[in-house]
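Everything on this sheet refers to the single structure shown next.
Values reported hereafter were calculated over all heavy atoms of this structure, with side chains retained and with hydrogens, waters and symmetry mates removed. Every number for a ligand or one of its atoms is a count from 1 in the order of the listing.
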Amino acid sequence: MERIEQAYAKLNLFLDVTGKRADGYHEIKSVMHSVTLADTVTVRATAADFSCITLKMENSSIPADERNLAYLAAEAFLEKTGITANVAIVVEKQIPAAAGLGGGSADAAAVLRALNAIFDHPLSTEALCALGATLGSDVPFCVLGGTMLCEGRGEVCTPYSYPEGYFVIAVPEDEKMKTPEAYALLDEAFENFEEPQTALHEMLFSFFEEDPYYSMYNVFEGIVLPRSHAATILRTRLLDAKAKNAMMSGSGTAVFGVFDTEDEAKAAAAKIKGAIVCASAPASLTL
Ligand code: C5P
């Protein structure tokens, strides 16, 4: 059987890091939002005596080997369910990699959704999310999609209400930031989060809740933007092009602007080389 899934990119509309855990991960509070910028993930699977997984990455230089999260997702699904199958995955890449847009997590989540559908839902939505969490902190959100408040290390997702909108995403070509490196820089700046700043975190989130456009927040901006001239310029250009607000997503270095209408978003994107116009995406699964 074949199943085609859209693997939507995510934007962090709010991203705060509230503490450091004993396992080295960080406690976060983030509002994640799926957008229509997406990879297309095609999964063909048939039951067999022995499992065999193949992966093809189209339109991308990302290695299509057993380190790839899409491959690992198929492996984890088969192991968890005890199913043995021939699985062939093709990912048509559209989401820029290593940019804070959750592309790898989205592909993994799409593989989980596809295999669960092909094999007639052996796993509940909760179980699929729990399996996703073993692959990466953002994978449970990507399994669900829509808009979620994500807590814990990102894997504890609760539906969150956010008005649909249009977005322009701009990605610096050369200046990338690896997520572990961004967290390490944050640890340095916040002295390993040893002093709890509960009141400050609550205040930032209450501002966002009151005004989700003008009070967007990403704690990584203060760390990453001073190290990425290109991202800083793109953010300013989005604001100059009349975005209601503009911010970096995740640990960067992609930046995005928020717009009310598609026409406004298109007009802004026309002024910024390589900018991508997208809209709020529907949820893939609901809790
Ligand atoms: O969970 P994931 O594999 O995507 O995380 C990649 C890296 O990002 C982790 O190894 C860790 O260094 C960092 N991270 C973190 N706290 C989180 C999520 C990620 O420190 N909540």
Of all protein heavy atoms, the one nearest atom 7 (C) of ligand 1 is Pro180 CG, 3.9 Å
protein heavy-atom neighbour closest to atom 4 (O) of ligand 1 works out as Ser137 N, 3.7 Å
Does any N or O atom in Asp138 lie less than 3.5 angstrom from one in ligand 1, N or O only?
-> no
Say whether Val111 and Ile4 are linked into one hydrophobic cluster, either directly or through other cluster members, by side-chain heavy-atom distances under 4.5 angstrom.
-> no
Those atoms of ligand 1 less than 4.0 Å from some heavy atom in Arg153 = 1 (O), 17 (C), 18 (C), 21 (N)
Common cluster, Tyr8/Val143, ILVMFWY with side-chain heavy-atom separation under 4.5 Å = no
For atom 9 (C) of ligand 1, the protein heavy atom that lies nearest, with its residue and separation | Tyr25 CE2, 3.9 Å
Is there side-chain contact between Leu204 and Val219, with at least one heavy-atom pair below 4.5 Å?
-> no
Of the protein's non-hydrogen atoms, which lies at the shortest distance from atom 8 (O) of ligand 1, and what is that distance?
-> Thr179 CG2, 3.4 Å
Does any non-hydrogen side-chain atom of Phe190 lie less than 4.5 Å from one of Gln197?
-> no
Considering only protein heavy atoms, which is closest to atom 14 (N) of ligand 1, and at what distance to one decimal place?
-> Tyr183 CE1, 3.3 Å
Any chain of hydrophobic side-chain contacts (each under 4.5 Å) joining Leu55 to Ile62?
-> yes
One finds that the ligand 1 atoms under 4.0 Å from a non-hydrogen atom of Ile28 are 21 (N)
For Val91, does its backbone N or O pair with a side-chain atom of Asp39 as donor and acceptor, under 3.5 Å?
-> no
Assign the ring pair Tyr217 / Phe14 to parallel, tilted or perpendicular, where the plane angle (0 to 90°) is split at 30° and 60°.
-> tilted
Would you mind checking which non-hydrogen protein atom is closest to atom 20 (O) of ligand 1, with the distance to 0.1 Å?
-> His26 ND1, 2.7 Å
Could you tell me which atoms of ligand 1, counted from 1 in the order shown, lie closer than 4.0 angstrom to a heavy atom of Gly136?
-> 1 (O)
Cluster overlap Leu131 with Leu78, hydrophobic side-chain contacts below 4.5 Å = yes
Do any heavy atoms of Gly24 fall under 4.0 Å from ligand 1?
-> yes
